[in-house]
Every structure is written in C-alpha cells, then in structure tokens.
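Working notes, structure below.
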Amino acid sequence: MYSDLMCKITAHLEKVSLELQATSPEHYIEKFNLALSQYMGALHSIVPLFIYMNKFYIETKLNRDLKDDLIQLFTEHVAEKHIYSLMPLLLEAQSTPFQITPSTMASIIKGLYTLRPEWVQLAPTLFSKFIPNILPPAMESELQDYAAQDQKLQQDLMQNGFNRGDQSRKRAGEELSYNGSCSR
C-alpha cells in the first residue's frame, strides 16, 4: 500500500513537473505557486487518510514519517528540477514592484524554505524579506546605509508611478469648518 501510494504520487508529480517545464516565463511563478500550494494543501488530506499506515508501518518499520516522505517527493520531482529556473524569475519579479502579488511571493519563498532551507543561499536577501533571522542582525553602525537604501527604494517607487500621497497630517474632510450652528 505504501509503495503504491508513493508510485501514484510520484507519477502525479512527474506530470506536474512536465507541465511546469512547458509553462511560459510570464506564467511560471504563478503556476509554480499553484502547484506548491495545491500539493501542500493535499498533504493535509492525504496524511490523515493514511494515519494507520503511518503509525504502524512507516514510523515503526521504516523509521520515517509519511508527511516528510511526501514533502521529499515534491522536493525531488518538482522543486529541485525547477529551482534554477524559478529563482531568477523571482529575483526579477521582486525588483519590479507588484509584478506578482506579495502573497504569491511570500507563499513561494516560505514553501521553498520549508522544502529545503539550504536554498536560502541562492538569494539570501530575497528570503530575508519573508523569513525572519535569515540575514545577520542589523548593526547600529550601518543605520545610515539602511536609510540610504530606503530613500533609494522610495525614489524608485516614485519614478515608477507610486506616489507617496498627501503627507499632511490633516484628516480628510477637516478643511470644512464647523462652527456649531446650522444654517437653514
């Protein structure tokens, strides 16, 4: 039963991998996110269905866990095959504000970190935007550099059409004066 399950899931993941290979670069990130999200969601259904097998065969005889084995299958058959195509696209998308939604980017980065934490080394700055404690802690001596980076980011956003909006402290509608009397 265990080997049948692993064979079925491996076949499915091979199909998913082939579909990703055929995907155009402009849809690649979204398709990868969909595949990752659907698979991780399916694990929440698959593992409880096979809880008896997990408890009395996989854990006792094989000294492993079904969920870990299934995550490893996705890593081997999908993520490892696509990580070097995906990372440049993620880095490019991250450099262009809102090319993909922040939730999509966060989902992929957190998913990749779950699958294989070593992949942080491929793009530590990108991973650090979504996962805490990836980069070393900030140093007080570098505060001026951080401020300069933030100013550059704000300038880049303004050049790309993202305005800061009204910076006054006045609330909307406060320009109307109200003197307590009603004119009729």
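Values in this document were obtained by computation on a predicted structure and should not be read as measured data.
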Just jot down the salt bridge (Lys or Arg N to Asp or Glu O under 4.0 Å) partners of [X], sequence neighbours excluded, or say none.
{"X": "Glu14", "result": "Lys81"}
{"X": "Lys152", "result": "Asp156"}
{"X": "Glu142", "result": "none"}
{"X": "Glu76", "result": "none"}

Which heavy atom of [X] sits nearest to which heavy atom of [Y], and what is that distance?
{"X": "Ala79", "Y": "Trp119", "value": "CB-CH2, 3.5 Å"}
{"X": "Pro25", "Y": "Leu89", "value": "O-CD1, 4.1 Å"}
{"X": "Pro88", "Y": "Ser85", "value": "CD-O, 3.6 Å"}
{"X": "Ala35", "Y": "Val16", "value": "CB-CG1, 3.7 Å"}

For Thr23, side-chain contact (heavy atoms from CB on, under 4.5 Å) partners two or more places apart: His27, Tyr28, Lys31

Co-membership, hydrophobic cluster, residues Met6 and Leu13, 4.5 Å side-chain: yes

Within one Ile-Leu-Val-Met-Phe-Trp-Tyr cluster: Leu122 and Leu91, side-chain cutoff 4.5 Å: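 Yes.
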
Side-chain contact test, heavy atoms from C-beta onward, threshold under 4.5 Å: evaluate it for [X] versus [Y] and give yes or no.
{"X": "Tyr113", "Y": "Phe127", "result": "yes"}
{"X": "Ile108", "Y": "Leu86", "result": "yes"}
{"X": "Leu18", "Y": "Lys15", "result": "no"}
{"X": "Leu112", "Y": "Met87", "result": "yes"}
{"X": "Ile46", "Y": "Lys67", "result": "no"}
{"X": "Leu36", "Y": "Leu115", "result": "yes"}
{"X": "Gln38", "Y": "Leu34", "result": "yes"}
{"X": "His12", "Y": "Leu73", "result": "no"}

Donor-acceptor pair, side chain of His82 and main chain of Ser17, under 3.5 angstrom: yes

When rounded to the nearest 0.5 angstrom, what is the spacing between [atom1] in [X] and [atom2] in [Y]?
{"X": "Leu153", "Y": "Met158", "atom1": "CG", "atom2": "CE", "result": "10.0 Å"}
{"X": "Ile134", "Y": "Thr125", "atom1": "CD1", "atom2": "OG1", "result": "11.0 Å"}
{"X": "Gln99", "Y": "Ile29", "atom1": "CD", "atom2": "CD1", "result": "6.5 Å"}
{"X": "Leu43", "Y": "Ile9", "atom1": "CG", "atom2": "CD1", "result": "7.5 Å"}
{"X": "Met105", "Y": "Leu126", "atom1": "CE", "atom2": "CG", "result": "5.5 Å"}

Salt bridge (charged side-chain N to carboxylate O under 4.0 Å, His left out) contacts in which one or both residues fall within residues 85-114, not counting sequence neighbours: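 The answer is none; no pair qualifies.
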
Residue pairs passing the salt bridge (charged side-chain N to carboxylate O under 4.0 Å, His left out) test where at least one lies in residues 112-125, sequence neighbours excluded: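 Residue pairs passing salt bridge (charged side-chain N to carboxylate O under 4.0 Å, His left out), neighbours aside: Glu80-Arg116, Arg116-Glu118.
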
Results of ring pair (Phe, Tyr, Trp, His ring centres under 6.0 Å) for Phe74 - residues two or more places apart only: Tyr39

Transitive ILVMFWY cluster of Tyr146, excluding itself - 4.5 Å side-chain cut-off: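 Leu143, listed by chain and number.
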
side-chain hydrogen bond (donor to acceptor under 3.5 Å, both in side chains) against Thr101, all qualifying residues, sequence neighbours excluded: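 Per chain and number, Thr101 pairs via side-chain hydrogen bond (donor to acceptor under 3.5 Å, both in side chains) with Ser103, Thr104.
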
For Ser24, all residues meeting side-chain hydrogen bond (donor to acceptor under 3.5 Å, both in side chains), sequence neighbours excluded: Glu26

Sequence neighbours excluded - side chain to side chain donor-acceptor pair (under 3.5 Å) pairs with any residue from residues 126-139: none

